[in-house]
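What follows is a short report on a single structure.
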Amino acid sequence: MSKFTYYRNLILAIVCLFLGVSIGYVQLTQVNGGFPYKEDLAKREGFVDWVQEYEYGVRFAFVDDEYNFNYPSKSDGQGIVYDSLLNSKAQRVEVLFEPREGTKPIYTDKEFHDVFDIKVGDNVVRSYAETEKAWKSDNLLMPFILALFLIGGPYIWWKTKK
């Protein structure tokens, strides 16, 4: 085995162990799987001003409101959310959102707050429970990824030292 291959494999093993420990730490310290509790969310209502569908969710805002909202694709139901918001003319829309933590894309000055419950008029488009279920099912792969890194790193190290 060449020196290059030897050191490349050792670096790969170290990176795997680092990622495994990092993912494990996040999984163990995250409250409620990274999903906010309902009592920590704020309620906002208004009439939809604009709607934008993009790869990672649906963005929208209310008329004369300083908040911009994002319904993340991780929560599933992107299509129905987009259609419901687009066709919500003259209907009041109510959302539960994370007021403290907003995300700000690099190409705009707008800050977006994640939405976890959407109601158009009297119709619930996506409930908090549906969103939570989709969010947590997306996280089910994390233990397998964690095991892959934590087992793969030492295995690569062992094979390189052999």
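We number each residue from 1, following the sequence as shown.
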Exercise. Do the non-hydrogen side-chain atoms of Q78 and V81 ever get within less than 4.5 Å of each other?
Worked result: no
Exercise. Sequence neighbours excluded, which residues qualify as side chain to side chain contact (heavy atoms under 4.5 Å, CB included) partners of A42?
Worked result: F97, P99
Problem set entry | In one Ile/Leu/Val/Met/Phe/Trp/Tyr side-chain cluster, 4.5 Å: F18, V26 | no
For this session: Spell out, as yes or no, whether a donor-acceptor pair under 3.5 Å connects the side chain of Q91 to the backbone of S88.
Result: no
For this session: Rounded to the nearest 0.5 Å, what's the gap from CD on E98 to CZ on R100? Could you check?
Result: 4.5 Å
Exercise. What pair of heavy atoms forms the shortest contact from P154 to L17, and how long is it?
Worked result: CD-CD2, 3.6 Å
Exercise. Hey, are E94 and R92 close enough for a salt bridge, meaning a charged N less than 4.0 Å from a carboxylate O?
Worked result: no
Exercise. Between I145 and L150, is there a shared hydrophobic cluster once you connect ILVMFWY residues whose side-chain heavy atoms come closer than 4.5 Å?
Worked result: yes
Exercise. Should the pair K110-E66 be classified as a salt bridge under the 4.0 Å nitrogen-to-oxygen rule?
Worked result: no
Exercise. What's in the same ILVMFWY side-chain cluster as L96, cut-off under 4.5 Å, chained through other members?
Worked result: F35, L41, F116, Y128, W135
Exercise. Is S84 close to I118 at the side-chain level, that is, under 4.5 Å between some pair of heavy atoms?
Worked result: no
Exercise. Ignoring hydrogens and geometry, is there a side-chain-to-backbone donor-acceptor pair from H113 to F69 under 3.5 Å?
Worked result: no
Result block: side-chain N/O donor-acceptor pairs under 3.5 angstrom for residues 119-126, not counting sequence neighbours:
residue	atom	partner	partner atom	Å
R126	NE	Y71	OH	3.0
R126	NH2	S75	O	2.8

Problem set entry | Rounded distance [0.5 Å steps], CG in L141 versus CG in L148 | 11.5 Å
For this session: Please answer whether the main-chain N or O of D83 pairs with a side-chain N or O of N87 as donor and acceptor at a distance below 3.5 Å.
Result: yes
Problem set entry | Partners meeting side chain to side chain donor-acceptor pair (under 3.5 Å) with K136 (sequence neighbours left out) | N32, E132
Exercise. More than 12 non-hydrogen atoms from neighbouring residues, nucleotides or ligands closer than 6.0 Å to CG on L86, yes or no?
Worked result: yes
Do any side-chain atoms of residues 46-61 form donor-acceptor pairs under 3.5 angstrom with protein atoms, and if so which ones, sequence neighbours left out?
residue	atom	partner	partner atom	Å
Y54	OH	N70	OD1	2.9
R59	NH1	Y107	OH	2.6

Problem set entry | Those residues that, when tested against T160, pass side chain to side chain contact (heavy atoms under 4.5 Å, CB included) (two or more places apart) | M1, Y6, N9, L10, I156
Problem set entry | CD1-CZ distance between I23 and F149, expressed to the nearest 0.5 angstrom | 5.0 Å
